[in-house]
Amino acid sequence: MIIVLKPSTTNEQLMNFTSMLKDKYNVKVNKWDGVQSTVLGLIGDTTSIDIEYIDAQDIVESVKRVQEPYKKANRKFHPDNSVIKITDTVSIGDGSLNIMAGPCSVESEEQIVAVAKAVKKSGATILRGGAFKPRTSPYAFQGLKAEGLELLKIARQETGLPIVTEIMSASHIELFEDVDIIQVGARNMQNFELLKELGKTNKPILLKRGLCATIEEWLMSAEYIMAGGNDNVILCERGIRTYENFTRNTLDIAAVPIVKRLSHLPIVVDPSHASGKSWLVEPLAMSAVACGADGLIIEVHNDPAHALSDGAQSLTPEQFDGVSKKIFALKNAMDNQV
């Protein structure tokens with residue numbers, strides 16, 4: 001249930017009204033202070049609440065029930081866009097375009113530092129790199145694990161770029177204490193025990209859409225994290241599995257405006273995993289920016305032909321530089337529209 005209060009509501013009235021709702025109806029009340037109004041979101045069993053009684057209160061502007069099962073991730077509960085602060089200079093959801101770029105897998109200090117320096121020079125604001133790698137084959141390279149995390153930190157120290165990397169298990173959370181953004185991969189989108197534990201942290205979480213997940217299921221996974229107390233969720237559309245097999249996945253570009261309509265959470269797009277082909281990264285990235293994505297996550301490797309994972313979808317630093325220039329030119333053109 002959503003309750004919009006009148007602008008004239010005093011703090012004392014708000015406190016008394018909130019206490020009444022909690023005591024009388026045994027619900028949790030979330031408060032959001034907007035530019036022009038205060039919104040209360042009631043979470044719990046609201047079936048016994050008399051909506052006409054609530055609407056009749058002097059401080060209430062309007063009241064309505066919410067049918068969607070996700071509450072905290074719902075734009076109705078939080079009309080303004082959420083802005084997720086990564087560092088003092090990098091935020092996602094504030095209208096800027098952030099590019100997360102780097103190799104699929106961290107392979108060596110020389111590799112990750114070289115790529116980090118290259119992508120930063122080309123406009124990337126966040127360094128991506130896999131330390132723990134979920135692979136379809138048990139015989140494929142699984143990542144350098146804890147050593148890979150340390151190499152990412154070295155690259156961060158060398159470049160100043162915050163880092164985003166994927167977590168595989170709740171038991172690894174302590175290893176990720178010094179990671180700027182924790183990524184939950186597509187295969188773990190519905191690993192609810194992991195999501196619950198991440199909800200107990202205050203880390204920004206990059207939540208990738210599952211291979212066959214609906215948008216509602218995706219938002220419900222975000223709800224798991226937020227229900228635990230962590231509102232710092234960034235959604236990532238990375239393509240879904242369809243009957244088409246020319247590409248690695250099928251990029252659901254419509255998910256960007258749909259999520260923007262349904263949720264206040266920022267959304268980034270991964271054209272690398274969506275396509276599986278390096279030559280498709282540029283057009284898919286451009287379409288994502290045109291649809292209003294808050295950012296992109298792009299795989300860049302200094303030697304894709306010899307990459308230990310996902311070389312076919314990785315751009316070289318030179319290719320990334322060209323794509324980056326076009327992406328930011330499109331973003332600037334959109335921002336300067338009359």
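Everything numeric in this text was worked out from a predicted model, so none of it was measured.
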| Do the non-hydrogen side-chain atoms of His264 and Pro79 ever get within less than 4.5 Å of each other? | no
| request: Determine, step by step, whether Leu262 and Ile258 satisfy the side-chain contact (heavy atoms from CB on, under 4.5 Å) criterion, reporting the C-alpha distance in whole Å, the side-chain angles of both residues, the deciding distance to 0.1 Å, and the verdict. | output: CA-CA 6 Å; Leu262 298 178; Ile258 291 171; 3.8 Å; yes
| said: Please report the interatomic distance CG(Leu211) to OG1(Thr250), rounded to the nearest 0.5 Å. | reply: 11.5 Å
| query | Which heavy-atom pair separates Met189 from Glu217 by the least distance, and what is that distance? | reply | CE-O, 3.8 Å
| Are Asp310 and Arg248 ion-paired here, with the side-chain N under 4.0 Å from a carboxylate O? | yes
| Are Tyr25 and Asp45 side-chain neighbours, meaning at least one heavy-atom pair lies under 4.5 Å? | no
| query | Of Lys153, Lys203, Arg156, which is the lone residue that meets side-chain hydrogen bond (donor to acceptor under 3.5 Å, both in side chains) with Asp180? | reply | Arg156
| query | Is any side-chain heavy atom of Phe176 less than 4.5 Å from a side-chain heavy atom of Leu198? | reply | no
| message | Would you compute the distance between atom OG of Ser82 and atom CG of Asn232 and round it to the nearest 0.5 angstrom? | response | 8.5 Å
| field | ILVMFWY network linking Leu235 to Val164, side-chain heavy atoms under 4.5 angstrom | value | no
| Taking it one step at a time, do Ser122 and Ser324 satisfy side chain to side chain donor-acceptor pair (under 3.5 Å)? | CA-CA 6 Å; Ser122 297; Ser324 179; 5.8 Å; no
| said: Salt bridge check, Lys326 against Glu282: does any charged N sit closer than 4.0 Å to a carboxylate O? | reply: yes
| message | With a 4.5 Å cut-off on side-chain heavy-atom distances among I, L, V, M, F, W and Y, is there a chain of contacts connecting Ile2 to Val27? | response | no
| task | Check the pair Phe320 / Val281 against side-chain contact (heavy atoms from CB on, under 4.5 Å), numbers first and verdict last. | result | CA-CA 9 Å; Phe320 175 72; Val281 170; over 6 Å; no
| query | Can you check whether Ala73's main-chain N or O pairs, donor with acceptor, with Ser263's side chain at less than 3.5 Å? | reply | yes
| Taking every non-hydrogen atom, the tightest pair across Leu207 and Ala222 | CD2-N, 3.4 Å
| message | If the threshold is 4.0 Å, N to carboxylate O, is there a salt bridge linking Lys76 and Glu68? | response | yes
| task | Look only at the side chain of Glu237 and the backbone of Gly239, and say whether a donor-acceptor pair between them is shorter than 3.5 Å. | result | yes
| task | Please lay out, stage by stage, how Met1 and Leu40 fare under the test side-chain contact (heavy atoms from CB on, under 4.5 Å). | result | CA-CA 8 Å; Met1 180 175 286; Leu40 301 181; over 6 Å; no
| said: If you compare all heavy atoms of Leu206 against all heavy atoms of Cys236, which two are closest, and at what distance to 0.1 Å? | reply: CD1-CB, 3.8 Å
| message | Tell me if a side-chain donor or acceptor on Ser272 pairs with a main-chain N or O of Glu299 at a distance below 3.5 Å. | response | yes
| task | Answer yes or no: is there a side-chain heavy-atom contact under 4.5 Å between Leu219 and Ile215? | result | yes
| Between Tyr53 and Lys24, is there a cation-pi geometry (under 6.0 Å to ring centre, at most 45° from the normal)? | yes
| query | Less than 4.5 Å apart, any side-chain heavy atom of Val269 and any of Leu251? | reply | yes
| message | I'd like to know if the side chain of Thr316 and the backbone of Gln319 have a donor-acceptor N/O pair within less than 3.5 Å. | response | yes
| Got a sec, which residues hit ring pair (Phe, Tyr, Trp, His ring centres under 6.0 Å) with Trp32, two or more places apart in sequence or on another chain? | His78
| request: Give a yes or no answer on whether the side chain of Asp294 reaches the backbone of Ile92 with a donor-acceptor pair at less than 3.5 Å. | output: no
| query | If you measure from CD1 on Ile225 to NZ on Lys200, what distance do you get to the nearest 0.5 Å? | reply | 13.5 Å
| task | Ignoring hydrogens and angles, tell me if any N or O in the side chain of Arg241 forms a donor-acceptor pair with the backbone of Gly210 under 3.5 Å. | result | no
| request: Nearest 0.5 Å please: distance from the CD atom of Glu193 over to the OG atom of Ser171. | output: 13.0 Å
| task | Check each of Ile84, Asp88, Thr89 against Ile86 using the side-chain contact (heavy atoms from CB on, under 4.5 Å) test, and report the only one that passes. | result | Ile84
| Pro271 side chain reached by Ile298 side chain, heavy atoms, under 4.5 Å | yes
| said: Looking at every heavy atom in both His301 and Pro317, which two are closest together, and how far apart are they? | reply: O-CD, 3.5 Å
| remark: In terms of heavy-atom contacts, Phe77 and Ile43 come closest through CE2-CG1, 3.9 Å
| message | Using 0.5 Å steps for rounding, measure from the CD1 atom of Ile240 to the CG atom of Asp252. | response | 5.0 Å
| query | Is there a donor-acceptor contact under 3.5 Å from the side chain of Asn16 to the main chain of Glu12? | reply | yes
| field | Greater than 12 external heavy atoms within 6.0 Å of Asp335's CG | value | yes
| field | Validation row: Lys71, Glu223 side chains within 4.5 angstrom (heavy atoms) | value | yes
| Looking only at side chains, do Ser108 and Gln111 share a donor and an acceptor under 3.5 Å apart? | no
| Worked verdict on Val60 versus Phe17 for side-chain contact (heavy atoms from CB on, under 4.5 Å) | CA-CA 10 Å; Val60 173; Phe17 185 59; 3.9 Å; yes
| query | Would you call Glu61 and Lys6 a salt bridge, taking side-chain N to carboxylate O under 4.0 Å as the test? | reply | no
| said: So for atom CG, which belongs to Asn11, do other residues, nucleotides or ligands contribute more than 12 heavy atoms lying within a distance under 6.0 Å? | reply: no
| Heavy-atom donor-acceptor pair, Ser105 side chain to Glu107 backbone, under 3.5 Å | no
| request: Indicate if Leu265 and Val256 have the same hydrophobic cluster label, given that clusters are the connected sets of ILVMFWY residues with side-chain heavy-atom separations under 4.5 angstrom. | output: yes
| Do NZ/NE/NH1/NH2 and the carboxylate oxygens of Asp80 and Arg75 come within less than 4.0 Å? | no
| task | Examine distances only and state if a side-chain atom of Asn98 and a backbone atom of Ser91 form a donor-acceptor pair shorter than 3.5 Å. | result | yes
| message | Looking at every non-hydrogen atom in both residues, tell me the closest pair between Ala285 and Leu296 and how far apart they are. | response | CB-CD1, 3.8 Å
| task | Answer yes if Ile297 and Val300 sit in the same cluster of Ile, Leu, Val, Met, Phe, Trp and Tyr residues linked by side chain heavy atoms under 4.5 Å apart, and no otherwise. | result | no
| message | If hydrophobic clusters are built by linking Ile, Leu, Val, Met, Phe, Trp and Tyr wherever their side-chain heavy atoms come under 4.5 Å apart, do Val289 and Val259 end up in the same one? | response | yes
| query | Is there a donor-acceptor contact under 3.5 Å from the side chain of Asn336 to the main chain of Asn332? | reply | yes
| Is it the case that Lys277 places NZ or CZ above or below the six-membered ring of Phe246, under 6.0 angstrom from the centre and within 45 degrees of the axis? | yes
| note | When rounded to the nearest 0.5 Å, the distance separating CD1 of Ile167 from CG of Asn188 is 9.0 Å
| query | Does the side chain of Ile3 come within less than 4.5 Å of Leu21's, by heavy atoms? | reply | yes
